Amino acid sequence: MTNTKIEAIGLASRKPFYTVDFPYLWGRLLNTNGVIFGSGLVHFTDWREVRSLDIASGEAGELMWRLEKRVRGLHPVLRDVKVTHRWGGPILMGAEWQLIFAQHPQSADAFVLGAYSGHGVALSVYLGRWAAEVMLGRRELPKWDVAAE
Ligand SMILES: Cc1cc2nc3c(=O)[nH]c(=O)nc-3n(C[C@H](O)[C@H](O)[C@H](O)COP(=O)(O)OP(=O)(O)OC[C@H]3O[C@@H](n4cnc5c(N)ncnc54)[C@H](O)[C@@H]3O)c2cc1C
């Protein structure tokens, strides 16, 4: 996308964004000046369904179609925009909603953090800081991480 178009759609500051209408429509510019847009969740009754999910059909296909329609309606500049890639991915949820915060099993200098269950923006910053303090010997790992015990 040209700089003029980027300016027209309000992304000249290059800040990621999301809309206030539901489901949230979020996006960010790439270094190539392409834009990633995303929105929506597909719900499973069993997580194994992720293995056979086809983003071109069913609930996921419908979400993709609706997302593209919304994007094209955001601004005249986006009306005929070319969509080059479409994809989706799982949100990692640990057993019993337990997140992972543990020393790497093969390295005393590394920690493993994850399974934030969709709350990674806040938790990654909070726990990243905590992990840094553990590395400096100023703090202990949390006791609630059953995986680490
Ligand atoms: C589409 C999407 C929507 C999401 N929505 C939400 C939401 O609504 N709310 C929420 O709370 N969370 C959300 N998340 C999750 C959240 O963004 C992540 O959990 C969080 O950003 C993880 O932070 P992190 O610091 O662990 O990893 P990241 O943010 O991925 O940071 C890792 C960094 O390390 C860099 N890196 C990787 N390898 C190397 C290397 N070898 N050398 C140097 N640098 C390297 C990467 O470039 C990156 O900058 C969403 C995630 C995605 C993908």
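In each ligand, atom 1 is the first atom listed, and ligand 1 is the first ligand listed. Treat the numbers as computed from the prediction; the structure is a model and nothing was measured.
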For atom 44 (N) of ligand 1, is the nearest protein heavy atom closer than 4.0 Å?
no

Of all the non-hydrogen atoms in the protein, which one sits nearest to atom 19 (O) of ligand 1, and at what distance?
Gly120 CA, 3.1 Å

Would you say atom 53 (C) of ligand 1 touches the protein, meaning some protein heavy atom is under 4.0 Å from it?
no

Would you say the side chain of Met64 lies within less than 4.5 Å of the side chain of Ser39, judging by non-hydrogen atoms?
no

Flag: protein heavy atom within less than 4.0 Å of atom 33 (C) of ligand 1
no

Heavy atoms of the protein only: does one fall short of 4.0 Å from atom 27 (O) of ligand 1?
no

Would you mind checking which non-hydrogen protein atom is closest to atom 17 (O) of ligand 1, with the distance to 0.1 Å?
Val121 CG2, 4.1 Å

Quick one: which ligand 1 atoms are inside 4.0 Å of a heavy atom on Tyr116?
19 (O)

Can you find a protein heavy atom under 4.0 Å from atom 11 (O) of ligand 1?
yes

Between the side chain of Arg72 and the main-chain N/O of Val81, is any donor-acceptor distance below 3.5 Å?
yes

Atom 7 (C) of ligand 1: closest protein heavy atom, distance to 0.1 Å, is Gly118 O, 3.9 Å

Students should be able to answer this: which protein heavy-atom is nearest to atom 2 (C) of ligand 1, and at what distance?
Trp26 CZ2, 4.2 Å

Donor-acceptor contact present, side-chain Ser117 to main-chain Trp97, <3.5 Å
no

Is atom 5 (N) of ligand 1 less than 4.0 angstrom from some protein heavy atom?
no

Counting only N and O atoms by type, is there a donor-acceptor contact under 3.5 Å from the side chain of Arg28 to the main-chain atoms of Phe37?
no

Can you list the ligand 1 atoms lying under 4.0 Å from a non-hydrogen atom of His119?
10 (C), 11 (O)

Protein heavy-atom partner closest to atom 24 (P) of ligand 1 - residue, atom, separation in Å:
Ser124 CB, 3.9 Å

